[in-house]
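Here's the structure, in structure tokens; my notes come after.
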Amino acid sequence: MADWGPVVIAVVLFVLLTPGLLFQIPGRDRVVEFGNMQTSAASIMVHAIIYFGLITIFLVAIGVHIYTG
């Protein structure tokens, strides 16, 4: 049986936390901008820290597992 939990969680978080796709923290003009499709080095770092924190919570603390087979 393969454990697809980490793969699914990582892909979903990557898509949701891509800077500029749904939201961007910090934005160019405001703190949070929605759907502007632009990015900056600061927003990449903030989104990377949020991604690391959430993936650590879901995979290590909660232990999400999805088994197939």
Side-chain angles (χ1 to χ4, degrees):
M1 287 191 293
D3 185 12
W4 284 94
V7 175
V8 171
I9 296 295
V11 169
V12 169
L13 285 178
F14 182 79
V15 170
L16 292 177
L17 291 175
T18 300
L21 185 63
L22 297 177
F23 65 95
Q24 179 178 341
I25 302 171
R28 294 195 184 267
D29 298 328
R30 292 179 238 142
V31 176
V32 178
E33 292 183 357
F34 295 96
N36 64 354
M37 299 301 288
Q38 297 176 354
T39 188
S40 65
S43 67
I44 291 171
M45 290 304 298
V46 169
H47 283 257
I49 292 169
I50 293 171
Y51 177 83
F52 176 74
L54 288 177
I55 204 160
T56 302
I57 290 170
F58 283 122
L59 298 183
V60 176
I62 297 174
V64 175
H65 298 286
I66 301 172
Y67 292 108
T68 60

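All values reported here derive from a predicted model rather than from experimental measurement.
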Co-membership, hydrophobic cluster, residues Met45 and Leu54, 4.5 Å side-chain: no

- Message: Does His47 form a ring-ring contact (aromatic ring centres under 6.0 Å, His included) with Phe23? I'd like the steps, not just the answer.
- Response: CA-CA 10 Å; His47 283 257; Phe23 65 95; 5.2 Å; yes

Same cluster (ILVMFWY, side-chain, under 4.5 Å), Ile57 and Phe14
yes

ask   = Does the side chain of Ser43 reach to within under 4.5 Å of the side chain of Arg28, using non-hydrogen atoms?
value = no

**Prompt:** Does Asn36 reach the main-chain N or O of Gly27 with its side chain, forming a donor-acceptor pair under 3.5 Å?
**Reply:** no

To the nearest 0.5 Å, atom OH of Tyr67 lies from atom CH2 of Trp4 at 14.0 Å

In this structure, would Val31 and Ile50 fall into the same cluster of hydrophobic residues linked by side-chain contacts under 4.5 Å? yes

Output for pair (Ile25 CD1, Leu17 CG), nearest 0.5 Å, gives 8.5 Å

> For the hydrophobic clusters of this structure (ILVMFWY residues joined by side-chain heavy atoms under 4.5 Å, transitively), does one cluster hold both Leu16 and Val8?
Replying inline: yes

With heavy-atom distances below 4.5 Å as the criterion, would you say the side chains of Met37 and Leu21 are in contact?
yes

d(Thr56 OG1, Ile62 CD1) to nearest 0.5 Å is 11.0 Å

dist Ile44:CD1 -> Tyr51:OH (nearest 0.5 Å) comes out at 15.0 Å

Separation between CD1 (Ile9) and CD1 (Ile66), nearest 0.5 Å, reads 6.0 Å

Fill in: Connected via hydrophobic side-chain network under 4.5 Å: Val32 and Leu22
yes

Correct closest heavy-atom pair for Pro6 and Leu59 would be CA-CD2, 3.6 Å

Rounded to the nearest 0.5 angstrom, the OG1-CD distance for Thr18 and Gln24 is 11.5 Å

